[in-house]
S.K.: 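Sharing a structure with you now.
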Amino acid sequence: MKSVLVKILGILLGLGLGGMGSAQSPVINGAGASFPYPLYAKWAYDYEQITKIKVNYQSIGSGGGIAQIKAKTVDFGASDAPLTKEELDQAGLIQFPMIIGGVVLVVNLKGVKSGELKLTPELLADIFLGKITRWNDPAILKVNPKLKIPHQSIIVVRRSDGSGTTWIFTNYLDKVSKEWHEKVGTDKSVAWPCGVGGKGNEGVAQYVQQISGGIGYVEFAYALENNMTWTLLQNKAGKFVAPTIETFQSAGANADWQNAPGFYMLLTDQPGENSWPITGASYILIHKNQTSPGAKEMLKFFSWCLKNGAGTAEKLHYVPIPKNLVELIEKQWTNVTYQGKKIWQ
Amino acid sequence: MAINYEKKIQREQWELKQASFSSHARLKKESRVFKEDPFFRYLSALCASFILVIMLGILIELYRHSHLSITTFGIKFIYTSAWDPVKKEFGALASIYGTLISTLIAMLIAVPLSLVISLFLTELAPPIITKPVGYAIELLAAIPSIIYGMWGLFVFAPFMSGYIQPALSNNLGFLPLFQGPPMGIGILTAGIILSFMILPFITAMMRDVFKMVPAVVKESAYGMGATTWEVTSKVTMRYGLSGLVGASFLGLGRAIGETMAVTFVIGNYRQISASLFSAGNTIASTLANEFAEATEPLYLSSLLQLGLILFLITIMIQALTQLWLIRIQKGIGKL
């Protein structure tokens, strides 16, 4: 039923937009993850100003993006969780990272300011497993000996809706905690052992701001925009790092993209002294065999974003893709064909 | 004495009503219309049948799509509350519990309040108050539910955690219902927001029901020396009983399936807790939260089965009420 609905919606959208645009100005339709939506929308707007080519991106969630591109109702899909090589081959898709972002921890503790509270992977896993239930737990005090932490119970706040942000966050916990791996696992929505769920990043941000003693995870931009108290987190190298564009970049730079088939790469818990541990890339999915003559225009748009969109991305607190990776991505596009012919040299 | 007179009046009134609408007269009237206008008759019958077709269609589709989940989990789906998309285990109990409890809270608050408000508007208030309040109620009913949700999250939840929940736990904290940290969000808050949402609906309809009570009935009761309260409780309310119940049930229908407003304030945690302060979830909020990202067939099927359960719960409540109404009306007839 859902796929039929999605198809109908896609067709209606296509018709509506196709009707609006004349023959000279093609429309590129995309749908998927909500995490990069603000950036994609801005890129699309800027690109239309320059080229008169309209890019329409629907923020419907990663799962929806994957379903729609598989059903071929859109020209490209977007997902925060990468598909594996097998999944890609099965559906005839290719994927590539478009931007990198970070998930940060925010708390609501009286007297504790941004960057003051230190958390280790073990503490984080135990808090989200519901094993540490008070802020003045000896394990927390041991890591933060100088900090005045109120005697309060911890209230875990997480996403209630299925989300790529949750996927990145649970993937990190899955890597650093054996117990998390056994009990919960990685997914866009999981069986949370404790806590309350807010809808969307804004829901989690709002809950944490309201609930004294709350701790939650949100995308970096939300923590900044809402002036929330973020924490430091210990990375794989044992250093406590702050979430910044630089530490996200470091996580992306240390990843070995060259040897990742289909760019299947998890940027969580990456090596590097300066790497933020909960980092993730947001992906674009397109069909290997394109059926629309506008496919080349679409690749041109992505190329423009990757090469000229870095400034916009940083302004919106996203990390642009490093140059060497852009080259790898464009090399991969040479596999894309339209009517049996390559469309990208 | 007064009550006996009143009963007599009521009885007479009832007989009068029966006579004027007697089946014989109605049939005669209708058959004339049918002869004159068969086209209109069939057209309207066709339109009416659409309602049944749509309802059946939804039921069949829901069943068809939840078939996978029904065959996988069987009856266990209804009495377990595990919900683990990673391990692919699904159970609906916590969602059913949250749906029923939040709706119950909403009804407990909204129905008595609506009754009092609508009685005030029809029986007691001067026209200068009735009109503006009436418009305000209709306006309230037109506010989209997402607005209630936002208001609930940004304004009402902090108010709950700052004032109402501490007051409740200080005074009634010995009850398990009011224990736990005052987070502001949770089942109680969701129930109260729901009651705000359905209050204007129920009030507007109850007011119309009361307006339809013939003045002559009320006046004769007053003439017998009945007080306003006696007229209200023994004449007006009884006269419009089925309408009042119908109004309440339209409200219940909205509350039980309300999605966005509840999702914002209920806390979305799958658990069954005695405390009304704790976070919970409802069937509708689960669907709103998880439908967009559910790509696994079994996951999707389980969500649709939740939808089927909600559908069946609504039908069951509706059927039970109808039965109850029939019994009550028989009782009135015997007076």
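Sequence lines set the chain letters: A, B, ... in the order given, protein chains first and strands last, and positions in each chain run from 1. Side-chain atoms are counted along with the backbone in the values below, which use heavy atoms only and exclude waters and symmetry mates.
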S.K.: Out of curiosity, A/Arg159 CZ to B/Asn268 CG, how far, rounded to the nearest 0.5 Å?
M.R.: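 A/Arg159 CZ to B/Asn268 CG: 11.5 Å, rounded to 0.5 Å.
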S.K.: Could you list which of residues 171-179 of chain A have a heavy atom closer than 4.5 Å to any heavy atom of chain B, in residue-number order?
M.R.: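 So no residue qualifies.
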S.K.: Just by modelled atom types, is the B/Leu153 backbone N or O under 3.5 Å from a matching donor or acceptor in the A/Gln210 side chain?
M.R.: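 Present.
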S.K.: Heavy-atom pairs under 4.5 Å with chain A: which of B/Phe154, B/Trp83, B/Tyr299 has the most?
M.R.: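 Going by pairs under 4.5 Å, I would pick B/Phe154.
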S.K.: Pick one of side chain, backbone, both or neither for A/Ile155, based on which atoms fall under 4.5 Å of a heavy atom in chain B.
M.R.: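 The side chain, not the backbone.
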S.K.: Would you check if the side chain of B/Tyr269 reaches a backbone N or O of A/Pro193 as a donor-acceptor pair within less than 3.5 Å?
M.R.: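 Here the side-chain-to-backbone pair exists.
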S.K.: Counting only heavy atoms closer than 4.5 Å, note whether A/Ser212 contacts chain B via side chain, backbone, both or neither.
M.R.: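 It is neither, since no heavy atom gets under 4.5 Å.
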S.K.: Report, as yes or no, whether the 6.0 Å neighbourhood of atom CZ on B/Phe50 holds more than 12 heavy atoms from other residues, nucleotides or ligands.
M.R.: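 No.
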S.K.: Side chain, backbone, both or neither: which part of A/Ser153 has a non-hydrogen atom closer than 4.5 Å to chain B?
M.R.: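 Contact with chain B is absent: no heavy atom of A/Ser153 under 4.5 Å.
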S.K.: Please indicate whether A/Tyr37 has more than 12 foreign heavy atoms, meaning atoms of other residues, nucleotides or ligands, lying under 6.0 Å from its OH.
M.R.: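 12 or below, so no.
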S.K.: If you count heavy atoms of other groups shown closer than 6.0 angstrom to CG of B/Leu56, is the number above 12?
M.R.: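 More than 12 within 6.0 Å, yes.
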S.K.: Are the side chain of A/Lys199 and the backbone of B/Val265 linked by a donor-acceptor contact shorter than 3.5 Å?
M.R.: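 No, the answer is negative, given that no donor and acceptor are paired below the 3.5 Å cut-off.
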S.K.: Please report the closest heavy-atom contact between B/Pro85 and A/Ser189, naming both atoms and the distance.
M.R.: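 So the minimum-distance heavy-atom pair works out to CG-O, 3.1 Å.
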S.K.: Counting only non-hydrogen atoms closer than 4.5 Å, does B/Met150 touch chain A with its backbone (N, CA, C, O), its side chain (CB onward), both, or neither?
M.R.: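 When you check distances to chain A, no heavy atom of B/Met150 falls under 4.5 Å.
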S.K.: With respect to chain A, which residue among B/Asn281, B/Thr286, B/Thr263 yields the maximal number of heavy-atom pairs within a distance under 4.5 Å?
M.R.: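 Looking at each option in turn, the highest pair count goes to B/Thr263.
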S.K.: Can you tell which part of A/Val157 gets under 4.5 Å to a heavy atom of chain B, answering side chain, backbone, both or neither?
M.R.: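 It is neither, since no heavy atom gets under 4.5 Å.
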S.K.: Just checking A/Gln90: does its CD atom have more than 12 heavy atoms from other residues, nucleotides or ligands closer to it than 6.0 angstrom?
M.R.: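 Open: at most 12 neighbouring heavy atoms sit under 6.0 Å from CD of A/Gln90.
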S.K.: Determine the option with the most heavy-atom pairs under 4.5 angstrom with chain B, choosing from A/Gly198, A/Gly195, A/Gly214.
M.R.: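 With the most close heavy-atom pairs to chain B, the winner is A/Gly195.
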S.K.: Could you give the distance from NZ (A/Lys183) to NZ (B/Lys87), rounded to the nearest 0.5 Å?
M.R.: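 The NZ atom of B/Lys87 is 9.0 Å from NZ of A/Lys183, to the nearest 0.5 Å.
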S.K.: Roughly how far, to the nearest 0.5 Å, is the CG atom of A/Asp187 from the CG atom of B/Asp84?
M.R.: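 That separation rounds to 8.5 Å.
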